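Fair warning: this is a prediction, and the values are worked out from it, not measured in the lab. For ligands, and for the atoms within them, numbers begin at 1 and follow the listed sequence.
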Amino acid sequence: MTKKHNFNPGPAVMPPFTVEKTIEALKDYGGTGLSIIELSHRSNEFKDIMAETQALFTELLEIPEGYSVLFLGGGASTQFFMIPYNLMKNKAAYLNTGSWATKAIKEAKFFGEVIEVASSADRDFSYIPKDYEVPADADYFHITTNNTIKGTAIFEDYDVDVPLVADMSSDIFGRRLDVSKYGIIYGGNQKNVGPAGATFVIVKEDILGKVDREIPTMIDYRTHISKDSMYNTPPVVNVFSALQTLKWFKSLGGVPELEKMNIKKAELLYNEVDRNKLFVGPAVKEDRSRMNVCFILEDEYKHLESEFLEFAAQKGMVGVKGHRSVGGFRASIYNALPIESVQALVDCMQEFEAQH
Ligand SMILES: *Cc1c(COP(=O)(O)O)cnc(C)c1O
């Protein structure tokens, strides 16, 4: 099988180790004579998988005491309302840095007042706003650390006086983090962790239980915390596959090593975007994402868009098309994407330039 260079935004490139181990487990999980999809989630085998996955998440991200790691269904999009359901008494603060943040804001409005502390919509979400105040009486402050569609990112762990809630769907494990600065970190697994279907939620226990409203059982984080993320049937295979990715991360040297690799990959690609006469990167340089590299054609070359996509496809590149709302190109270069794939894209851009 010839592998493609997979720049898909999500579901996305996975480590070959994760794919191989999942195939083995689908056939026979650990010599049990059962496929992983036949295994009871109440079996000791699965309890061990869940416990190991939570432990490795905790180890790799250096999650301090007082936090729980959950794997839930519903995608990151379900967290958009689960967070205000559990945390919002009267009002919450949101930083609007793109489409995902906008969607999170929309859901929060069902539960109370939303203060949009700042927005980069004025310049098409090409930057991260820096000058704003978070109201001291907000119940929490929500940010999106990596804006998957416009290719901007926050590389700092903000200091705020209210619980900080972060959507890290597209950059978890991408950089070193100080988890103690956050109340909740969440995201869909399908970009940097495993197959679609499991949502990771790292939640600080002492921020819960402060709202007056009644919370349906499945929406209440405390339900899942008290049952080790196995109150109902968890996404069994997805958790197993995520564990394989975490093992692979650890074998590489963990998050500090991943961060170094990501910086290298991003520099390689942005240097080419900046050098190549055909392309330009719309995101402000200091806020450029290391996970989703967005670029467009210079005005005089705009007519070459579909030609470049075709050219890239012929060279084995998948997923280089920009988000349907943006156009242009986007290369998602998540943790599992090898630098060789980035180099292949750079070569492709140079060849294409030489032809025009
Ligand atoms: C992909 C993505 C989501 C949506 O995730 P689902 O699991 O599909 O709900 C939310 N936020 C960000 C930043 C994303 O990249």
Side-chain angles (χ1 to χ4, degrees), residues 6-14 69-85 92 94-108 110 119-121 125-129 140-155 158 164-175 177 182 184-203 218-219 224 229 234-235 237-239 241-242 245 262 266 283 287-294 319 321-326 330-337:
N6 186 357
F7 297 97
N8 275 332
V13 59
M14 284 290 135
V69 179
L70 310 173
F71 296 98
L72 309 177
S77 302
T78 291
Q79 295 307 308
F80 293 166
F81 72 84
M82 201 157 157
I83 286 157
Y85 221 130
Y94 278 71
L95 182 62
N96 192 355
T97 52
S99 335
W100 294 114
T102 303
K103 286 182 175 166
I105 289 167
K106 175 176 176 235
E107 299 305 307
F110 286 106
S119 166
S120 47
F125 296 119
S126 59
Y127 71 105
I128 303 289
Y140 62 90
F141 175 44
H142 182 281
I143 58 174
T144 312
T145 51
N146 186 76
N147 299 285
T148 322
I149 295 174
K150 298 286 186 182
T152 60
I154 294 168
F155 297 106
Y158 292 152
L164 180 62
V165 175
D167 177 354
M168 296 200 187
S169 289
S170 48
D171 62 345
I172 191 75
F173 296 111
R175 68 170 176 92
L177 279 181
Y182 297 86
I184 292 181
I185 295 172
Y186 70 96
N189 271 12
Q190 67 272 22
K191 283 147 191 161
N192 269 307
V193 188
T199 310
F200 64 85
V201 183
I202 303 164
V203 52
M218 277 294 288
I219 303 302
H224 301 286
S229 209
V237 181
N238 310 67
V239 173
S241 297
T245 304
N262 290 329
D287 299 326
R288 282 172 161 181
S289 165
R290 295 176 196 146
M291 291 287 165
N292 309 97
V293 176
C294 293
K321 197 171 166 40
H323 188 268
R324 58 188 190 281
S325 68
V326 187
R330 170 178 55 175
S332 298
I333 56 171
Y334 297 127
N335 290 318
L337 186 89

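- At distances below 3.5 Å, not a single donor-acceptor pair connects side-chain atoms of S120 with backbone N or O atoms of P129.
- When hydrogens are left out, the protein atom nearest atom 15 (O) of ligand 1 is T148 OG1, 2.4 Å; that is the closest non-hydrogen contact.
- Counting atoms of ligand 1 from 1 in the listed order, those under 4.0 Å from a heavy atom of T144 are 13 (C).
- Close approach of ligand 1 to Q190 is summarised as follows: ligand atoms under 4.0 Å from at least one heavy atom of the residue are 5 (O), 6 (P), 7 (O), 8 (O).
- When each of N146, N335, N192 is paired with I172, the side-chain contact (heavy atoms from CB on, under 4.5 Å) condition holds for N192 and for no other.
- At least one donor-acceptor pair closer than 3.5 Å links the side chain of N262 to the backbone N or O of G174.
- Neither the backbone nor the side chain of T199 has any atom closer than 4.0 Å to an atom of ligand 1 (non-hydrogen atoms only).
- The N146 neighbourhood of ligand 1 comprises atoms 13 (C), with distances under 4.0 Å to a heavy atom of that residue.
- With distances taken over non-hydrogen atoms, the option nearest atom 9 (O) of ligand 1 out of G188, S99, S169, S77 is S77.
- By heavy-atom distance, the residue among K191, M291, Q79 lying nearest atom 1 (C) of ligand 1 is K191.
- Which parts of ligand 1 touch G75 is read off a 4.0 Å heavy-atom cut-off, strictly below it: atoms 7 (O), 9 (O).
- For ligand 1 and S170, the ligand atoms under 4.0 Å from any heavy atom of the residue are 15 (O).
- In this structure a side-chain-to-backbone donor-acceptor pair under 3.5 Å is missing from T152 to Y127.
- Applying the salt bridge (Lys or Arg N to Asp or Glu O under 4.0 Å) rule to pairs touching residues 142-152 yields D124-K150, sequence neighbours excluded.
- Side-chain N or O atoms of T199 include one that pairs as donor or acceptor with a backbone N or O of G75 at under 3.5 Å.
- Closest protein heavy atom to atom 11 (N) of ligand 1: D167 OD2, 2.6 Å.
- Between Y334 and the choices D171, N292, N8, the side-chain hydrogen bond (donor to acceptor under 3.5 Å, both in side chains) rule is met once, by N292.
- For a threshold of 3.5 Å applied to N or O pairs, the pair formed by A76 and ligand 1 contains at least one separation below that value.
- By the salt bridge (Lys or Arg N to Asp or Glu O under 4.0 Å) test, R175 pairs with D157, sequence neighbours left out.
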